[in-house]
Amino acid sequence: MTGAPSAEKVGRARRSITVLLVVVATVALFTVGVAGQDPVIRWIALAVAGAAATPSLVLAKKRGNLAGWYVLTTGVMVLRLLTGK
């Protein structure tokens, strides 16, 4: 007889999924900031970043820390776009 998963397993799975989504969103945002990148790739990467960041913020227990990470990552992306590096 299988019961419901323990709270510890659910918490571990939630953290793992959140980390995976954060990594995907971060890499996608950094892809947007690559100099000389094709605009189509930038738009796709931006859509992937949004699609990964939204559920990661929903799943995160400390949303403020994660929101700060995304603000910093977006700042790096914008800086790279403006400097062309």
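Closest of all the heavy-atom pairs between Ala25 and Ala53 is CB-N, 4.0 Å.
Placement of Leu81 and Leu29 within a single hydrophobic cluster is found when ILVMFWY residues are connected by side-chain heavy-atom separations under 4.5 Å, directly or transitively.
In this structure, Ile17 CD1 and Leu21 CG are separated by 7.5 Å, a value rounded to the nearest 0.5 Å.
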Between side-chain atoms of residues 66-73 and protein atoms elsewhere (two or more places apart, or another chain), which donor-acceptor pairs fall under 3.5 Å?
from	atom 1	to	atom 2	distance (Å)
Trp69	NE1	Thr26	OG1	3.0
Tyr70	OH	Ser56	OG	2.7
Thr73	OG1	Trp69	O	2.8

Listing, residues 41-48 side-chain donor-acceptor contacts under 3.5 Å, not counting sequence neighbours, or none:
from	atom 1	to	atom 2	distance (Å)
Arg42	NE	Val32	O	2.9
Arg42	NH2	Val34	O	2.6

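A distance-only check finds no donor-acceptor pair linking the side chain of Arg80 to the backbone of Ala35 [under 3.5 Å].
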